[in-house]
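Predicted model only: the values in this text are computed from it and were never measured.
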Amino acid sequence: MIEPHVHIAFAPRGAGLLCALFYFVRDRDVFGWFTGARAHEFPASFFMLERYFSKEETTCYRSAANDVYGVWLAATSDRESPIDPPVPVPELVCHELDRLQDAFAREWLLYADDLAHAEEAALLTERELPVLAVNVRPRKLAKLATGQPVWTYSSPGTDAHVIRFLAKRWRIDYTPD
Amino acid sequence: VTPDEIKARVLEVLGAIAPELDPAALAPDANLREELDVDSMDFLNFVIGLHKAFGVEVPETDYRKLQTLDGCVGYIAAKLKST
């Protein structure tokens, strides 16, 4: 059974969605997907933290594009290198990632090219929130803690260490506290 | 385990994923996903929570039986009885 964890970071004044990710743990490895702002773009990748829950060194892999079945890179804090096929993620996990990403993005995120965009974008505008290429769906905003300049949501059991580890290796601007 | 005990533990599991839950206000036949804005990720965590609380495995084909509080209580009671 998969126990997914979700983390969202949203800057209500200007930058909008900083980060949206989910992950789950399987044995020693962590698998997931993230998107977030980098300058004015919103790159997205699937990722794997190989041997994260072990005493051995963890290797971070991410998909080069938003395609779990495409090219994968080995990512360190200062460089990324394409890796030879096959992808490091087991095929069944690829299917799970693909399925979860679809549900997660549909339920949490509002894309500018979404058919329902205009109506929901208007709700964001009403609240004087930014409307960008990728946004948090208005009804999901109620889940975020709004006491800080960056609004956040972490589902119960989310391990902040996983997000910090990943944040040193991803190519989006968000750095968790 | 009585149905009331099952119900109380199901509500505890639900409360962990939906902290805004008011157990007294939740109708037994209300759709949990709609009533509590439980999304796919929350629901998977709910299933994991039920597994931890009751030791029952819930195959994906049975997820539809967990749409309401009454459904959850009946499903878990049947599972516990069969083990």
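With hydrophobic clusters built from ILVMFWY side chains whose heavy atoms lie under 4.5 angstrom apart, A/Phe42 shares a cluster with A/Phe104. A/Val25 and A/Phe31 end up in different hydrophobic clusters when Ile, Leu, Val, Met, Phe, Trp and Tyr side chains are linked at under 4.5 Å. At a threshold of 4.5 Å between side-chain heavy atoms, the hydrophobic network of Ile, Leu, Val, Met, Phe, Trp and Tyr places A/Leu141 and B/Ile17 in one connected group. A/Trp170 is not connected to A/Phe10 by any chain of hydrophobic side-chain contacts under 4.5 Å among Ile, Leu, Val, Met, Phe, Trp and Tyr, and they are in different clusters.
At a threshold of 4.0 Å, the pair B/Glu34-A/Arg139 does not count as salt-bridged, since none of the basic side-chain nitrogens sits closer than that to a carboxylate oxygen.
Partners of A/His40 under the side-chain contact (heavy atoms from CB on, under 4.5 Å) rule, at least two apart in sequence or in another chain, do not exist in this structure. Annotation: side-chain hydrogen bond (donor to acceptor under 3.5 Å, both in side chains) contacts of B/Tyr63 (sequence neighbours excluded): none. For A/Tyr61, the side-chain hydrogen bond (donor to acceptor under 3.5 Å, both in side chains) partners two or more places apart in sequence, or in a different chain, are A/Glu50.
Looking at B/Glu20, neither its backbone nor its side chain comes within 4.5 Å of chain A, counting heavy atoms on both sides. With a 4.5 angstrom heavy-atom cutoff, A/Glu107 touches chain B only via side-chain atoms.
Residue-level contacts of residues 37-56 of chain B with chain A, in order of numbering, are B/Asp37, B/Asp39, B/Ser40, B/Met41, B/Asp42, B/Leu44, B/Asn45, B/Val47, B/Ile48, B/His51, B/Lys52; threshold 4.5 Å between heavy atoms.
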